[in-house]
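What follows is a set of notes on a single structure, which appears directly below.
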Protein chains: 2
Amino acid sequence: MMSIGTLSKQSGVHIETIRYYERAGVLPKARRAPNGRRVYDHEDTGRLAFIRHARELGFELVSVRALLALQERPELSCKAASELASAQLAAVESRLSRLTVLRAELKRMVRACKNGRVVDCRVIDALTNMR
Amino acid sequence: MMSIGTLSKQSGVHIETIRYYERAGVLPKARRAPNGRRVYDHEDTGRLAFIRHARELGFELVSVRALLALQERPELSCKAASELASAQLAAVESRLSRLTVLRAELKRMVRACKNGRVVDCRVIDALTNMR
DNA sequence: TATACATTCTGTAGTAGCTACAGGAACAAG
DNA sequence: CTTGTTCCTGTAGCTACTACAGAATGTATA
């Protein structure tokens with residue numbers, strides 16, 4: 001039993017974003033108080049946390065919607081969820097390896113550029129010639 | 001000496017995106033042939049590769065613009081580039097650690113969900129309860 | 001040369017996923 | 001009862017593209 005403002009503070013998600021999620025169908029239509037204001041409960045906190053983590057980690061809203069839909073029907077086969085996860089896993093691994101390369105370059109750059117000039121920086125070369 | 005179409009095929013960047021980069025000021029205004037069409041050379045291929053890699057790795061266009069500007073003035077101090085890189089490095093490390101956690105969860109999920117039901121999947125819990 | 005098809009041009013509008021208002025209604029505190 | 005906060009809907013803006021429309025060229029073939 002809480003207002004959208006409280007849910008927002010609790011979750012760190014902007015009020016506008018919460019309303020947007022409802023509009024986009026990733027959060028269910030909120031129950032309304034007699035005065036028309038949205039009312040939330042603990043379950044919504046969880047759902048919102050789920051959405052945020054999934055988003056931060058690269059799931060698109062359509063995938064989030066799909067995962068949440070699966071969650072509501074636990075008697076179904078896991079095949080769909082598993083496929084979603086496999087696709088996501090491949091994307092995650094690709095990102096990880098590219099980010100690892102970039103991290104090394106950035107570290108080297110920060111070290112090398114302490115007092116140097118741009119001409120000594122390798123980060124631009126590194127980004128141009130990555131394969 | 002090549003057309004926008006050739007540059008597009010060579011770089012794998014859509015023609016519209018190349019024009020957008022020009023409009024957005026990350027690519028310089030292209031030289032024009034007498035008939036008004038854009039003409040590119042080898043240098044543009046490099047610049048485009050640079051932009052794509054930087055974008056894929058999470059640099060925003062404003063950062064890309066800043067890095068490219070630095071590249072044009074190699075006599076300047078590297079301080080600005082170094083600061084850009086440090087900020088980027090922090091973001092990269094945060095992403096790396098969260099992606100590593102997610103990868104483990106996704107792997108576990110794919111393994112566990114082979115023939116199970118959704119009720120046996122932990123990925124939803126995992127995403128809800130990450131801290 | 002005529003016709004057909006491809007390429008490019010500008011400009012505008014659409015996309016995802018938010019974020020930021022404006023204008024109005026309702027509520028809570030002093 | 002006034003002031004300030006919260007909430008409502010609706011619309012517009014943002015980034016980084018992507019996809020048209022309609023017109024003007026360019027190239028290839030009959």
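Nearest-nucleotide assignment on DNA chain C puts the 5′-proximal partner with A:Arg55, out of A:Arg55 and A:Arg19. With the nearest nucleotide of DNA chain D identified for both A:Gly36 and B:Arg23, A:Gly36 has the one nearer the 5' end. Checking B:Glu16 against B:Leu61, the closest nucleotide of DNA chain D that is more toward the 5' end is the one next to B:Leu61.
Remark: side-chain polar atoms of A:Arg65 are paired, donor with acceptor, to backbone N or O of A:Ala24 under 3.5 angstrom. Here the side chain of A:Ser8 pairs a donor or acceptor atom with the backbone of A:Val13 at under 3.5 angstrom.
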Could you list all N or O pairs between the protein and nucleotides 5-7 of chain C that sit under 3.5 Å apart?
| from | atom 1 | to | atom 2 | distance (Å) |
| --- | --- | --- | --- | --- |
| C:dT7 | O2 | B:Arg37 | NH2 | 2.8 |

Practice task
Just do the salt bridge (charged side-chain N to carboxylate O under 4.0 Å, His left out) check on A:Glu22 and A:Arg38 with the steps written out, would you?
Solution key: CA-CA 11 Å; A:Glu22 180 178 326; A:Arg38 291 175 178 82; 2.9 Å; yes
Exercise for the section: Please step through side chain to side chain contact (heavy atoms under 4.5 Å, CB included) for the pair B:Leu61 and B:Tyr20, ending with a clear verdict. Expected result: CA-CA 11 Å; B:Leu61 282 188; B:Tyr20 168 75; 3.8 Å; yes
Problem - Intermediate values then yes/no, side chain to side chain contact (heavy atoms under 4.5 Å, CB included), B:Met2 and B:Gln10 - result: CA-CA 10 Å; B:Met2 57 180 147; B:Gln10 213 169 83; 3.6 Å; yes
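Across all strands shown, B:Arg65 has no heavy atoms under 4.0 Å from either base or sugar-phosphate atoms.
Mapping heavy-atom proximity under 4.0 Å, the span of DNA chain D touched by chain B runs 5' to 3' from D:dA16 to D:dG26.
The two residues B:Ile51 and B:Val64 make their nearest non-hydrogen contact at CG1-CG1, 3.8 Å.
Listed pair A:Asn35 / C:dC27 meets the phosphate criterion, a side-chain N or O lying under 4.0 Å from OP1 or OP2. Side-chain nitrogen and oxygen atoms of B:Arg38 include at least one within less than 4.0 Å of the OP1 or OP2 phosphate oxygen of C:dC9.
Checking B:Tyr21 against B:Arg52 by side-chain atom types alone, a donor-acceptor pair falls below 3.5 Å. Side-chain contact, B:Ser97 with B:Thr100: no donor N or O sits under 3.5 Å from an acceptor N or O.
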